[in-house]
Amino acid sequence: MSDKIIDVAAGLILRPDGQLLLGQRPEGKPWSGWWELPGGKLEPGETVLQALARELEEEIGIRVTEARPWVTYVHVYPHTTVRLAFCHVTGWDGEPRGLENQRLQWVDPAHADVVGDLLPATLPPLRWLQLPTRYGISSAGSPAALPAWFAKLDRALAQGLKLVQWREPAWPEGADAASLHAAMQETLARCRRAGARLLVNSVHPQAWWNEADGVHLRAADAKALQTRPAAAEGKLVGVSAHTHAEVVHARELGADFAVLGPVLPTASHPGQPAIGWDGFVQHNRDAGLPVFALGGQSPDTLRDAQQHGAHGIAAIRGLI
């Protein structure tokens with residue numbers, strides 16, 4: 001392994017129809033013939049977005065008009081270590097063309113391997129693209145409130161919500177213990193009918209994780225683990241984080257994503273200090289996995305969150 005880290009800006013160039021642009025590395029370069037995301041090395045003094053714009057103009061002849069940071073990820077090759085700053089490119093002038101004798105291909109990100117061998121560092125962002133950008137958190141509250149909860153959930157699912165967390169720590173102690181499990185199962189059934197996935201918060205029994213589509217670990221529960229939970233094999237794993245160290249630990253556990261906050265003041269945690277967008281950027285640096293912004297979030301804040309490097313937003317009232 002090389003001690004030197006090479007900084008690279010890589011662009012996920014996405015058309016409105018969801019197709020992603022890949023380029024094939026030309027003859028004479030390492031890993032020639034393998035497919036990758038367009039981009040290149042940062043020059044001294046360049047920001048990531050400046051380097052990305054320059055590289056894309058030099059490499060494929062487009063002028064970037066809209067781009068935003070996403071996930072920074074370190075990948076170790078046999079003789080090189082690269083720090084890849086993956087960015088979304090959603091606006092550009094010109095038609096991409098291979099100016100370095102490389103082939104270009106638009107692909108469905110979920111089936112990108114149809115083109116051939118994909119560079120190993122290209123695989124994680126293709127997987128991350130499958131995550132929705134909105135993550136709703138439950139607030140059923142009690143058995144008596146379930147009809148209202150299901151009505152709100154159904155509206156959110158009809159509006160396109162595809163990822164939900166079952167989190168009910170305040171369920172009344174005097175309620176029938178089975179009622180909480182039954183409510184989770186009904187929530188899961190409604191999510192699946194709508195093509196959405198449900199994760200169970202780790203405050204609830206581990207056996208429920210396997211019934212659902214995965215687990216969302218509280219920060220304290222994640223801290224107690226050294227590896228990805230065996231009970232979540234083949235499932236999604238999310239992790240709550242409030243600091244940079246907790247985001248890093250989520251990555252070390254092999255989590256699929258983290259949720260970081262509170263970014264803005266929120267009614268569900270009155271009096272808890274918010275980290276603000278500057279704090280979000282600092283805690284999210286070199287995250288190595290997608291991170292959702294939590295706290296005061298709603299569809300109105302999604303664009304702002306993504307401009308600060310968030311994958312998307314997580315919320316209770318703001319999404320359900």
Test item: Asp213 and Leu236 side chains (from C-beta on) under 4.5 Å apart, heavy atoms: no

Within 45 degrees of the axis of the six-membered ring of Tyr73 and under 6.0 Å from its centre: does Arg83 put its NZ or CZ there? no

Check: Asp304 main-chain N/O paired with His308 side-chain donor or acceptor under 3.5 Å: yes

Could you tell me whether a side-chain N or O of His75 sits under 3.5 Å from a main-chain N or O of Leu84, the two making a donor and an acceptor? no

I need the minimum non-hydrogen distance between Ala231 and Asn210, along with the two atoms involved. O-OD1, 2.8 Å

Run the numbers on Ser179 and Trp171 for side-chain hydrogen bond (donor to acceptor under 3.5 Å, both in side chains), then give the verdict. CA-CA 10 Å; Ser179 65; Trp171 199 260; 3.2 Å; yes

Show, in sequence, the C-alpha distance, side-chain angles and deciding distance for Ser240 and His216, and conclude whether the side-chain hydrogen bond (donor to acceptor under 3.5 Å, both in side chains) test is met. CA-CA 7 Å; Ser240 288; His216 186 100; 2.7 Å; yes

Candidate pair Thr187 and Trp149, rule side-chain hydrogen bond (donor to acceptor under 3.5 Å, both in side chains), full reasoning: CA-CA 9 Å; Thr187 298; Trp149 154 248; 3.2 Å; yes

Please check this pair: side chain of Glu66 against backbone of Val89, looking for a donor-acceptor N/O pair closer than 3.5 Å. no

Checking side-chain hydrogen bond (donor to acceptor under 3.5 Å, both in side chains) between Tyr135 and each of His311, Gln297, Gln165, which is the one that passes? Gln165

Shared hydrophobic cluster for Leu37 and Leu118 (ILVMFWY, side-chain gaps under 4.5 Å): yes

Show the numbers, then the answer: is there a side-chain contact (heavy atoms from CB on, under 4.5 Å) between Gln159 and Leu157? CA-CA 5 Å; Gln159 291 167 0; Leu157 294 171; over 6 Å; no

Just do the side-chain contact (heavy atoms from CB on, under 4.5 Å) check on Leu49 and Val64 with the steps written out, would you? CA-CA 9 Å; Leu49 292 180; Val64 174; over 6 Å; no

Would Arg15 count as a cation-pi partner of Trp106, with NZ or CZ less than 6.0 Å from the six-membered ring centre and within 45° of the ring normal? yes

Indicate yes or no for a side-chain donor-acceptor contact from His244 to the backbone of Arg285 under 3.5 Å, with no hydrogens or angles considered. yes

With a 4.0 Å cut-off, would you call Arg193 and Asp154 a salt bridge? no

What heavy-atom pair brings Leu52 and Ala67 nearest, and what distance separates the two atoms? CD2-CB, 4.5 Å

Heavy-atom pair of closest approach, residues Gly295 and Thr266: CA-CB, 4.2 Å

Do Pro132 and Arg197 have side-chain heavy atoms sitting under 4.5 Å apart? yes

With under 30° as parallel and over 60° as perpendicular, where do the rings of Phe86 and Trp70 fit, or are they tilted in between? perpendicular

Please identify each residue that fulfils side-chain contact (heavy atoms from CB on, under 4.5 Å) with His181, with sequence neighbours left out. Met184, Gln185, Trp208, Glu211

Decide if atom CG of Asp93 counts as having more than 12 heavy atoms of other residues, nucleotides or ligands within a radius under 6.0 Å. yes

